[in-house]
Amino acid sequence: MAAPSRTSWADVADADPAPASNGPARPGRSSYVPPHLRNRSGASGGAAPPPSSSAPPPRAAPGLLGRPDGGMGRMGGGGGGFGGPRRWDREPNPFGNEDAAAADEPEVFDAHQNTGINFDAYEDIPVETSGQNVPPPVSTFAEIDLGQALNDNIRRCKYVRPTPVQRYAIPISLAGRDLMACAQTGSGKTAAFCFPIISGIMRGPPAQRPQRGGMRTACPLALILSPTRELSMQIHEEARKFSYQTGVRVVVAYGGAPINQQLRDLERGVDILVATPGRLVDLLERARVSLQSIRYLALDEADRMLDMGFEPQVRRIVEQMDMPPPGVRQTMLFSATFPKEIQRMASDFLENYIFLAVGRVGSSTDLIVQRVEFVQEADKRSHLMDLLHAQRDSATPGKPTLTLVFVETKRGADSLENWLCMNGFPATSIHGDRNQQEREYALRSFKSGQTPILVATDVAARGLDIPHVAHVVNFDLPNDIDDYVHRIGRTGRAGKSGLATAFFNENNSSMARSLAELMQESNQEVPAWLSRYAARPSYGGGGGRNRRAGGGSRFGGRDFRRDSSSGRGGDYYGGGSSGGAGGYGGSSAYGGGGYGGGAGALSAWD
Ligand SMILES: Nc1ncnc2c1ncn2[C@@H]1O[C@H](COP(=O)(O)OP(=O)(O)OP(=O)(O)O)[C@@H](O)[C@H]1O
C-alpha cells in the first residue's frame, strides 16, 4: 500500500504558486480546465507545450506536468480526449518518494513481485454475480483498456494484478452497468470503483457544465460518498494517486474542517467530488455544488450510507436535489456487508443492476485469526493489559505493530486511553466528540507508530486502511455482527494476516449465534462455551441486529432479488457462480434466510 500523501491540492496551490507563463502566480479559478477542453490548444491557460509522448514527467520540475502519454491510445479521438496541450494545474506527486520513476521500470509488472496480496489464493475465490448480461471478468489490468495514464498510476501503486473484486467490478462498470458489489474488507474495493470513474471521465463526452447558480457553483461529474471524514480523506488520497496526470481533478469535502478551504478547492474545478453527506448537503444548500452534471455516483460502505443514520441525508442528495436519475447516471454501491433490507432500499438508486459478491482471498475472513474470550466487564482492563504485555514481549524489534481497540462509547474511549497511558502504554483515541484536528492527529500518531494503540469507537470501524494493524481488540463487542466484520477488517488486509480478539460476556449474548456462525464460516475455532451460548434459543436467534441470524451463513452476501420473497422473480435475474471449486463451502447462505431485523443502531457515529 502506498503511503498516504502529506499534501493536498490546496496545500500546494497555496504554498507554491504555479509558474504559468501567462497566468497569475497563484492558480486562480481560471486555471482549471475541464476535461473536455483539455485537448484544445486555446483552452484557458494552455500555454505549456506537451512533453514528448515517451518522456516521463520531469522529476526536477513538477510544476508543469504534461500528459505523459500524449495521445492516450483511443482516448485521443473522442470529445473527452485531452491529448493536446494544456496547462496542468500544479499537481503534486501523490506518490511521495516512490515517485513516477516506477513508470520506467517494467519489472514492476513482474508477476513474482510480492505486493502483499496472496495471488495464489485467487483461484479459489468464490464469486457470485446476478443480473442480466453480466460482462465477463478479466484476469489482468492489461486486458482492460483503462488508458495509459491510469495504467501508469496502477504501476506506481505497485498493483500487479487486479484483486477479485476488481477483476469483476471494473469490466461491469466500464460497460456502463449499475452495480451492487459485496466484497470482503481489505480486498481493494476503492480502486474497483475509482478506476472506471477516472477512466470514464477521461474518455467521456464533453461535460455540459451548467451556468445555473453562477460561476461559483461547482459541477462535478462524479460523486463518491462515504460515511466518515477520515474515510473520505483516504478515498481522496487514493483517487488522487489513481488520477495523477490524467487531468481528472479530485476534491474532498467533509465536516469538521473549515469550509472555506473546501470552497476554494471546489472553485478551482472538480471532476470527482469525494464527500461525507452532511458537508455535501451544506454545499448544496449554499448552491456551491450542483449535482446536475453527475455521471457517476459511488457509495462506499453503501449499507452504512443507507441505514437509518444516514439514509435521509443520502436520499436527499440522490433523489431530491438535481442529480440525474438512475439510468441516466451510473451508480455503484460497494461494501463488505449488504443486509437484505438495505439491498431492497438501495435498489431504488439503481437500474438494471448487477449484484456481485466476491469472497476475499482464501474465503471470508480466514486471514484474520479470530479469538473470543469470556471476560467480565470488571476484568476487561486487566485482561487487555495482559494481552498488550504479551504482545510487547513477542514483538519483533523494529517491526511496527499497531493495536486498534474498539469500545462502545466516546466516554469509554477517553477513559480507556487515559488508563492505558497511565499504565505505560502509549495510546490515543478517535471518536465523534474529538474535534477534527484531534481526530486527524490521533490517526497520524497511530499510523506513524508514535502511539501504537488507538482506542476507537465505530467511527474507525469502516474502510480505514492502516498498514501494520496487527491486532484488533473488541474490548466492547458491537451489537451488530456486520459492525464486527468491519471492525476486525482493519487488520488482515490485502492478503496479509491479522489477529482479532473479542471480549465476550453476558451483555453480548445476543451476538452469540451470529458470532459463532461467522467464526465457523471463516474456519476459526469456536470455543465450546460460545457454541453453548449460541445454541440457547433465547440468545442470538431473534436479536434484531443480528441480521444474519436464522439464515445460516454465506461468505458475504446474496442478491435479495434471488429471494422469492422479494417478489422480483429469482430466475429472471439468473446470474451464476464462478471461482472456487468448492463454491461457498457447502454452508447455507448469509442473508439467504433474511436479516431478521432493522438496520443496526448507530453507536458513536458522527
Ligand atoms: N490490485 C491490487 N494489488 C495490490 N494491492 C492492492 C490492489 N488493490 C488494492 N490494493 C491495496 O489493498 C488495500 C485494501 O484496499 P481497500 O482499502 O480499497 O480495501 P476495501 O475493500 O475498500 O476495504 P474495506 O472494506 O475495509 O473498506 C489497500 O492498501 C490497497 O492499496
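Each ligand, and each atom within it, is numbered from 1 in the order the structure gives. Basis for what follows: all heavy atoms, side chains included, without hydrogens, waters or symmetry-related copies.
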Note to self: Need the ligand 1 atom indices (1-based, order shown) with element for anything under 4.0 Å from a heavy-atom of Thr190.
What the structure shows: 16 (P), 17 (O), 18 (O), 22 (O)
Margin query: So is Ser187 touching ligand 1 or not, going by heavy atoms under 4.0 Å?
Written below: yes
Check: Is any N or O atom of His486, backbone or side chain, closer than 3.5 Å to an N or O atom of ligand 1?
Finding: no
Item checked: Qualifying residue, where the test is salt bridge (Lys or Arg N to Asp or Glu O under 4.0 Å) with Asp303 and the options are Arg462, Lys340, Arg344 -> Arg462
Note to self: I'd like to check which ligand 1 atoms, numbered from 1 as shown, lie under 4.0 Å from a non-hydrogen atom of Thr163.
What the structure shows: 1 (N), 2 (C), 7 (C), 8 (N)
Check: Under a 4.5 Å cut-off applied to non-hydrogen side-chain atoms, are Phe141 and Arg155 in contact?
Finding: no
Checklist line | Part of Asp465 with heavy atoms under 4.0 Å of ligand 1, whether side chain, backbone, both or neither | finding: side chain
Note to self: Check for me whether Gly186 has a heavy atom closer than 4.0 Å to any atom of ligand 1.
What the structure shows: yes
Next item on the list: Identify, by atom number and element, the atoms of ligand 1 in contact range of Ala494, meaning under 4.0 Å from any of its heavy atoms.
Entry: 12 (O), 13 (C)
Check: For ligand 1, which atoms have a heavy atom of Arg493 less than 4.0 angstrom away?
Finding: 14 (C), 16 (P), 17 (O), 19 (O), 20 (P), 23 (O), 24 (P), 26 (O)
Notebook entry, point to check: Salt bridge check: are Arg295 and Asp271 linked by an N-O gap of less than 4.0 Å?
Noted result: no
Item checked: Where ligand 1 meets Arg490 - atom numbers and elements under 4.0 angstrom, heavy-atom basis -> 26 (O)
Item checked: Sub-4.5 Å side-chain heavy-atom contact between Val281 and Ile317 -> yes
Check: Hey, would you say the Phe406 and Phe475 ring centroids sit under 6.0 Å apart?
Finding: no
Item checked: For atom 19 (O) of ligand 1, the option (of Gly188, Ser335, Ala336) bearing the nearest heavy atom -> Gly188
Checklist line | Interfacing atoms of ligand 1 (cut-off 4.0 Å, heavy-atom, Arg161) | finding: 1 (N), 2 (C), 3 (N)
Notebook entry, point to check: How long is the span from the CD1 atom in Ile272 to the CZ atom in Arg240, to the nearest 0.5 Å?
Noted result: 12.5 Å
Next item on the list: Under 4.0 Å from a heavy atom of Gln184: give me the atoms of ligand 1 that qualify, with their elements.
Entry: 21 (O)
Margin query: Applying the side-chain contact (heavy atoms from CB on, under 4.5 Å) criterion to Asp476, which one of Asn508, Thr457, Val407 satisfies it?
Written below: Val407
Check: Any idea which part of Glu301 is under 4.0 Å from ligand 1, heavy-atom wise: side chain, backbone, both or neither?
Finding: side chain
Check: Between the side chains of Arg329 and Thr331, is a donor N or O closer than 3.5 angstrom to an acceptor N or O?
Finding: yes
Note to self: Does only the side chain of Lys189 get under 4.0 Å from ligand 1, or the backbone, or both, or neither? Count heavy atoms.
What the structure shows: both
Margin query: Less than 4.5 Å apart, side chain to side chain, heavy atoms only: is that true for Tyr168 and Thr129?
Written below: yes
